[in-house]
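Each remark here refers to the structure printed beneath this line.
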There are 2 protein chains.
Amino acid sequence: MSRARQTVTLTADLVVLTIREGTLRALVVERGNEPFAGKLALPGGFLRGEESLDETAARELAEETGLSAEKLHLRQVGVYSAPDRDPRRPRVVTCAYLAIAPNLPLPTAGSDARSAHWLPVDLLQRSGLAFDHDDILRDALELARAELQFRTIATAFCGEEFTIGELREVYEVIWGVRLDKPNFHRKVTEAAGFVVRTGGKRPTANGRPAALYRAGAADTLTPPMMRPRPVEA
Amino acid sequence: MSRARQTVTLTADLVVLTIREGTLRALVVERGNEPFAGKLALPGGFLRGEESLDETAARELAEETGLSAEKLHLRQVGVYSAPDRDPRRPRVVTCAYLAIAPNLPLPTAGSDARSAHWLPVDLLQRSGLAFDHDDILRDALELARAELQFRTIATAFCGEEFTIGELREVYEVIWGVRLDKPNFHRKVTEAAGFVVRTGGKRPTANGRPAALYRAGAADTLTPPMMRPRPVEA
DNA sequence: GCAATAGTGTCTCTAAGACAGTATCAC
DNA sequence: GTGATACTGTCTTAGAGACACTATTGC
């Protein structure tokens, strides 16, 4: 039993998602040191003295994006503890977190903005990330897609004020589907506490201006937003 | 930054649920040592040398129940890492797992069956558990209730063969509701891959014998089982 | 026969999806 | 006016829920 109470090092890794230029993007940093020097990785950091992992994640999020964890729906994705997941040292275990950001003015405004970029997730999934971050990204995306159905987190991708069309784009980009505009409009405006009219309007390039909304008080979305089932072969 | 790479001890704690005598029960052990000596706690154990936390949980599950993790739907609930959650030592962080067991022949058949009991969860929630296990139990129950809606895990509470009435009891006990028998019957028998008729019958105490089913191949339940929304005030 | 539980038929109603039609802008 | 986008109305249909009804056992 000498190894029964092994000690490990803990980190919190972040999957921060946003939508920019019509594509779903995640915040990644370019690694400066070995291992995986030069490769892209999810931002993250070590657990410190008197904080919980949730607090570690919130602190890292603030450092990377300059945003508080309050409005970003920070949620645990899972724990990744394969013995060989970090070649540096035995046993670095990480807890992955999902955060959702609106389209930020700057790529990264934080103090620790070494080489952070918002890159499309499909690009990241094709090119591959350091460590087991491919697994983490996949699981975080799956969680985000599921949460869109039952919770009101889609508004977190939008700014303070947004149009129904922008909200619909969130669903379409993350689910990779096309949704019926009229039905979507009725659905979200009738769901209790999802969106609230501000009274303002936003001119469009070439059409009728869209009414502006802000996020409502509700946390869960009832009835849920139906996700079109993928077409079968 | 001297404390930046603090090391911690990791454990995996288990919420093993089953249904017995019409009540939802969880496996708990009576603690022999301080802290919390004499109090009830969730079973769990320390991460060992070359295993992942998932493997730690599976190993503990086998030790406590004698069952393999294969069929028990072992799933991560979350990480609990408050700095003061374990008064023994600085920083014992745990990852909680949910497992679902059929009505086992023995309370605990494993080798490490010190003082394990299947106790009703409402009793545990009233009397309180050691450490932060009240939080863990609450979160695990919430996860189990949610999974019942969208996945076919309800069959894991039943034995190899079961009747539709037994399956309905699973939903009724865990959700704490009454479900319409005819509608439930049609729903589960028509959901693709949820249950499969074996051809056998089980005599009842006083009525028509019930047809026997076994778990189907499907993992997700489409369409989902609707959960009656709690009555409002 | 009666009591009890298993299972079926059928109706109603909500809500999702399809899509025609109307409103409000730029030009 | 045309073209474009926002939004509304309405029909169809799938499925949840209510519940009457039939089936199969023990007594």
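Just so it is clear, the values below take in all heavy atoms, side chains as well, and ignore hydrogens, waters and symmetry mates. As the structure is a prediction and not an experimental result, all values here were calculated from the model. A note on names: the letters A, B, ... follow the listed sequences, proteins ahead of strands, and every chain is numbered from 1.
- Atom CG in B:L179 sits about 16 Å away from atom C1' in D:dG15, given to the nearest Å.
- Whole-Å rounding puts the B:F184 CZ to D:dA16 P distance at 12 Å.
- Taking atom CG on A:N183 and atom C1' on D:dC11, their separation rounds to 12 Å, with Å as the unit.
- Counting only distance, with no hydrogens or angles, the side chain of A:D132 and the backbone of A:D135 share no donor-acceptor pair below 3.5 Å.
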- Go through the steps to decide whether A:E160 and A:R214 satisfy the test salt bridge (charged side-chain N to carboxylate O under 4.0 Å, His left out), and finish with yes or no. CA-CA 6 Å; A:E160 195 70 30; A:R214 56 178 172 77; over 6 Å; no

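- For B:T204, whose side chain is taken as the heavy atoms from C-beta onward, the closest listed nucleotide among D:dT5, C:dG7, C:dA6 is C:dA6.
- When the P atom of D:dC7 is taken as reference, atom CG of A:D180 falls 14 Å away, rounded to whole Å.
- Considering only side-chain atoms of B:P182, the nucleotide from D:dG9, C:dA6, D:dC19 that sits closest is D:dC19.
- With contacts defined as side-chain heavy-atom distances shorter than 4.5 Å, the pair B:R151/B:M225 does not qualify.
- Among the nucleotides D:dT24, C:dA23, C:dA4, the one closest to the side chain of A:R208 is C:dA23.
- In this structure, A:E169 places its CD atom 13 Å from P of D:dT5, rounding to the nearest Å.
- Along DNA chain D, the nucleotide closest to B:A205 and the one closest to B:M226 are compared, and the more 5′ of them pairs with B:M226.
- With hydrogens and angles left out, the side chain of B:R202 and the base of D:dT25 share no donor-acceptor pair within 3.5 Å.
- Residues B:G207 and B:L212 both approach DNA chain C. Their nearest nucleotides, taken by heavy-atom distance, put B:G207 toward the 5′ side.
- At D:dA16, one or more side-chain N or O atoms of B:K187 fall inside 4.0 Å of OP1 or OP2 (strictly under the cut-off).
- In this structure, the nucleotide among C:dC25, D:dG3, D:dG26 sitting nearest to the side chain of B:N206 is D:dG26.
- Between B:R186 atom CZ and C:dG7 atom C1' the separation is 10 Å, expressed in whole Å.
- When side chains are defined from C-beta on, A:L24 counts as touching A:L17, because their heavy atoms get closer than 4.5 Å.
- Looking at heavy-atom distances under 4.0 Å, B:P203 makes no contact with the nucleic acid at all.
- Ring geometry for A:W175 versus A:Y171: interplanar angle over 60°, hence perpendicular rather than tilted (30 to 60°).
- Comparing D:dG9, C:dT24, D:dA6 by their nearest atom to the side chain of A:K181 picks out D:dA6.
- For the pair B:H185 NE2 and D:dC21 C1', the interatomic distance rounds to 15 Å; values are reported in whole Å.
- Rounded to an integer number of Å, the gap from A:E190 CD to C:dT14 P is 13 Å.
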